[in-house]
Engineer: 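A single structure is presented below for examination.
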Amino acid sequence: MSIDHLDVTLLGKEYRVSCTPGNREDLLATVAYLDDKFSELGAKTHSSGEKLAVMTALNIAHEFLQYQRGNGFDMPGVKRRIGLMKARLDGVLAQQEKLF
């Protein structure tokens with residue numbers, strides 16, 4: 001598996017990170033998300049630098065724990081339930097087609 005290097009900028013500093021070619025887009029999306037969170041919280045708190053990074057990390061960790069504990073939106077669970085409903089509908093429709 002090949003490893004690429006990607007240069008990203010966060011809080012005005014450039015960082016070189018490693019990623020696989022298949023994860024490049026996800027990593028770029030993560031950087032964009034984090035940069036948006038920095039901007040959002042920085043505007044609210046007028047913080048910068050290390051303090052802003054720590055406060056943003058705490059906010060993201062809090063959001064993650066809420067999601068993990070079931071207070072957030074469970075996309076994998078929704079997709080699983082949709083798949084089960086589709087399978088049931090396919091089964092019922094197949095039985096109906098036999099009647100005609």
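Computed from a predicted structure; not experimentally measured.
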Engineer: Taking side chain to side chain donor-acceptor pair (under 3.5 Å) as the test, write out the residues that go with Lys44, two or more places apart.
Structural biologist: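 Checked Lys44 against side chain to side chain donor-acceptor pair (under 3.5 Å); zero matches.
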Engineer: Identify, with sequence neighbours excluded, every residue that meets side chain to side chain donor-acceptor pair (under 3.5 Å) alongside Asn23.
Structural biologist: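 Applying side chain to side chain donor-acceptor pair (under 3.5 Å) to Asn23 gives Thr20.
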Engineer: Report the residues that fulfil salt bridge (Lys or Arg N to Asp or Glu O under 4.0 Å) with Lys13, sequence neighbours left out, ordered by chain and then residue number.
Structural biologist: none
Engineer: Of all the heavy-atom pairs spanning Ser2 and Pro21, show the shortest one and how long it is.
Structural biologist: O-CD, 3.2 Å
Engineer: Kindly give the cluster partners of Val31, where membership spreads through any ILVMFWY side chain lying under 4.5 Å from a current member.
Structural biologist: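 Via sub-4.5 Å side-chain contacts, Val31 links to Leu6, Val8, Leu10, Leu11, Tyr15, Val17, Leu27, Leu28, Tyr33, Leu34, Phe38, Leu41, Leu52, Met55, Ile60.
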Engineer: Are there more than 12 heavy atoms of other residues, nucleotides or ligands under 6.0 Å from atom CD of Glu50?
Structural biologist: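 Counting neighbours around CD of Glu50, 12 or fewer heavy atoms of other residues, nucleotides or ligands fall under 6.0 Å, so no.
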Engineer: Going by side-chain heavy atoms closer than 4.5 Å, which hydrophobic residues are tied to Leu89, directly or by a chain of links?
Structural biologist: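 Leu89 clusters with nothing; isolated.
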Engineer: Between Lys37 and Glu63, does the side-chain contact (heavy atoms from CB on, under 4.5 Å) criterion hold? Intermediate values first, please.
Structural biologist: CA-CA 12 Å; Lys37 288 292 190 178; Glu63 290 172 4; 2.9 Å; yes
Engineer: Going from NE2 on His46 to OG on Ser48, what distance comes out if it is rounded to the nearest 0.5 angstrom?
Structural biologist: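 That separation rounds to 11.5 Å.
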Engineer: Measuring from Thr56:OG1 to Lys51:NZ, what's the distance to the nearest 0.5 Å?
Structural biologist: 11.5 Å
Engineer: Would you compute the distance between atom NZ of Lys79 and atom CG of Leu84 and round it to the nearest 0.5 angstrom?
Structural biologist: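 So the NZ of Lys79 and the CG of Leu84 are separated by 14.5 Å.
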Engineer: What's in the same ILVMFWY side-chain cluster as Leu58, cut-off under 4.5 Å, chained through other members?
Structural biologist: Val54
